[in-house]
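Because only heavy atoms are used, hydrogens play no part in the values below, and waters and symmetry mates are left out as well, while side chains stay in. Keep in mind that what you see is a predicted model, and the values were worked out from it rather than measured.
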Amino acid sequence: MRRSFPPIKSSIFSPLVKATEKFRSRGSVRQVLSEVVPPKEPTRRALLVAINYPNLPHLDRLEGPQRDVEKLRDILINRYQYQQELITILTDKEGISATYYPTRENVLKHLRHFYDGQTPGDQYLFYFAGHSFQYETEDKREEDRKDEFLLPSIDRETFEKLKEDTEKYKGYGIVDDVLAEYLVKPLNDASRLTAIFDTCHSNTLLDLPHHRCNRVSNWKSLFRRAKRRYHEMSFGREMPETTMHPSDQPRSCNGYRDECRRMKGVRNNVICLSACKDSQEVWEHSKFLSMTSLLVNFLAQEQNYRPTLKKTMRAVSACKKNTWLKKREKSAPQLSSRYPARMNSFFYL
């Protein structure tokens with residue numbers, strides 16, 4: 001005798017039952033599964049490094065990074081829906097655990113695992129505030145024949161040696177080639193990275209080829225954009241990927257080349273916001289004005305939740321217009337990218 005089973009009422013099986021009914025009625029597997037299994041929310045992960053260098057001589061210590069990183073963390077959580085457990089902060093604040101102290105080993109360890117579990121659509125943020133230096137190099141891809149490196153936490157004696165002979169003691173830092181190896185190359189095309197460097201000599205710390213064609217703050221940038229628009233109208237935007245330079249050519253564009261045309265169908269998934277050009281230094285202000293503080297204050301405004309790149313660059317460039325730097329070399333914030341940026345596209349955190 002064949003027995004009949006009662007209908008399944010358990011909530012565990014109800015999505016499956018619902019899917020089966022829709023499948024019978026519509027016959028579309030993809031449509032049914034998309035309705036039963038909601039799309040995955042993109043993961044937002046941040047690695048923030050802020051170093052005040054309390055062990056260094058008084059004139060070489062910084063006061064702003066620790067305060068700025070706390071402001072940045074707060075806005076990421078409260079405004080941009082970052083989960084606190086997915087924000088890693090490395091800082092030399094007193095009482096910090098050795099695991100999160102910004103030594104070279106710790107920074108590199110967290111960089112190695114930064115993209116663990118990466119899936120398409122994820123959003124990543126890398127932030128550094130501290131010291132950085134340059135040294136001479138034979139690398140022809142470096143336009144100024146100099147490599148840049150970030151300086152992690154370091155003792156006073158080693159720091160004095162490094163200032164005397166930067167090239168000899170560069171191994172104590174994290175060189176731009178290493179940063180590109182960990183931050184740019186492993187990123188898949190469907191994910192997005194925003195890097196922020198509030199430090200000296202920071203324009204090409206990720207060795208991204210385009211920055212001059214992304215400028216918006218002076219008459220030269222207007223001329224560059226006009227010439228780029230002319231090239232785009234004359235030759236179109238269909239072109240091969242010539243934005244990555246051969247090994248014997250400088251990585252950086254000059255803003256006028258044919259390769260600065262904005263290509264159709266290219267997703268510019270790596271953006272780097274830097275406090276200054278490679279040839280410049282960044283000075284702390286007595287009122288703690290920094291590029292980071294300008295950026296956070298700008299993004300905190302209700303209308304600036306998702307600003308354009310152009311609007312963002314004009315906001316952070318306000319610091320160079322202040323008179324407090326008139327006796328020192330003024331710093332000009334830069335935006336570098338893997339491909340020529342559309343400055344009316346959005347700035348993502």
Side-chain angles (χ1 to χ4, degrees), residues 47-70 72 88-112 126-137 139 142 144-183 195-207 274-286 288-292 325 327-329 331:
L47 175 58
L48 316 178
V49 184
I51 313 176
N52 280 17
Y53 308 96
N55 299 325
L56 300 188
H58 179 72
L59 292 178
D60 295 308
R61 298 173 193 170
L62 300 177
E63 298 182 19
Q66 291 180 7
R67 178 182 53 258
D68 285 343
V69 78
E70 292 178 357
L72 181 59
T88 301
I89 299 179
L90 306 183
T91 181
D92 54 359
K93 190 175 182 179
E94 186 177 357
I96 198 73
S97 167
T99 306
Y100 298 103
Y101 204 80
T103 62
R104 185 177 188 274
E105 292 73 19
N106 280 345
V107 175
L108 290 177
K109 180 182 72 173
H110 284 88
L111 284 174
R112 291 189 195 100
F126 178 78
Y127 171 80
F128 179 87
H131 285 312
S132 58
F133 290 87
Q134 291 179 306
Y135 66 92
E136 300 289 339
T137 180
D139 189 351
E142 293 291 345
D144 56 359
R145 296 298 187 270
K146 292 181 180 180
D147 269 323
E148 292 76 34
F149 64 89
L150 304 180
L151 185 67
S153 181
I154 195 171
D155 63 83
R156 183 167 184 163
E157 181 180 354
T158 306
F159 181 76
E160 294 295 344
K161 293 179 180 178
L162 186 145
K163 289 181 69 176
E164 294 176 2
D165 192 341
T166 305
E167 184 174 0
K168 182 178 179 181
Y169 292 93
K170 63 185 179 183
Y172 287 95
I174 302 175
V175 185
D176 51 7
D177 294 340
V178 175
L179 290 171
E181 186 74 27
Y182 283 127
L183 290 173
I196 303 174
F197 294 103
D198 200 346
T199 182
C200 303
H201 316 299
S202 52
N203 187 24
T204 61
L205 274 168
L206 286 187
D207 285 335
S274 306
C276 65
K277 300 177 182 179
D278 283 349
S279 60
Q280 296 176 332
E281 295 181 334
V282 179
W283 301 87
E284 280 199 326
H285 185 221
S286 58
F288 309 122
L289 179 66
S290 66
M291 186 191 72
T292 303
L325 280 177
K327 293 184 178 179
R328 294 172 174 171
E329 184 180 13
S331 57

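A side-chain donor-acceptor contact under 3.5 Å links His201 to the backbone of Gln280. Not a single donor-acceptor pair under 3.5 Å links the side chain of Arg61 to the backbone N or O of Tyr53. Side-chain atoms of His131 do not come within 3.5 Å of backbone N or O of Leu62 as any donor-acceptor pair. A donor-acceptor pair under 3.5 Å links the side-chain atoms of Thr91 to the main chain of Ala50, judged by distance alone. Looking only at distances, a side-chain donor or acceptor of Gln134 sits under 3.5 Å from a matching main-chain atom of Asp278. Panel note: side chain Asp176, backbone Asp207; no donor-acceptor pair is recorded below 3.5 Å. Ser202 contributes a side-chain N or O that, together with a main-chain N or O of Thr199, makes up a donor-acceptor pair within less than 3.5 Å.
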Residue pair Thr292, Asp198: steps toward the side chain to side chain donor-acceptor pair (under 3.5 Å) verdict: CA-CA 7 Å; Thr292 303; Asp198 200 346; 2.7 Å; yes
Worked check of side-chain contact (heavy atoms from CB on, under 4.5 Å) between Phe149 and Ile174: CA-CA 5 Å; Phe149 64 89; Ile174 302 175; 5.7 Å; no
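Across every non-hydrogen atom of Arg112 and Tyr182, the tightest pair is NE-OH, 3.3 Å. Closest approach of Lys146 and Thr137 over heavy atoms only: N-CG2, 3.5 Å. Residues Ile51 and Phe128 approach most closely at CD1-CE1, 3.9 Å, considering heavy atoms. Between Leu48 and Val69, the shortest heavy-atom distance links the atoms CB-CG2, 3.6 Å. Of all heavy-atom pairs between Glu148 and Thr204, the closest is OE1-OG1, 3.2 Å.
Considering CG of Leu151 and OH of Tyr169, their distance stands at 14.0 Å, rounded to 0.5 Å. Here Arg104 contributes atom CZ and Ile154 contributes atom CD1; the two are 10.5 Å apart, rounded to the nearest 0.5 Å. Rounding to the nearest 0.5 angstrom, the gap separating the CD atom in Glu160 from the CG atom in Asp60 is 7.0 Å. For the atom pair CZ of Phe159 and OG of Ser153, the computed distance is 11.5 Å after rounding to the nearest 0.5 Å.
Salt-bridge formation is not detected for the pair Lys170/Asp147: no Lys NZ or Arg NE/NH1/NH2 atom is positioned less than 4.0 Å from an Asp or Glu carboxylate oxygen. Salt-bridge formation is detected for the pair Lys161/Glu157: a Lys NZ or Arg NE/NH1/NH2 atom is positioned less than 4.0 Å from an Asp or Glu carboxylate oxygen.
Environment of OH in Tyr135: crowded, with over 12 heavy atoms of neighbouring residues, nucleotides or ligands closer than 6.0 Å. Remark: Lys109 NZ is packed, more than 12 non-hydrogen atoms of other residues, nucleotides or ligands lying under 6.0 Å away. Residue Tyr101 places its OH atom among more than 12 non-hydrogen atoms of other residues, nucleotides or ligands, all under 6.0 Å distant.
For the residue pair Ser290 / Asp68, a side-chain donor-acceptor distance below 3.5 Å is found, with atom types taken as modelled.
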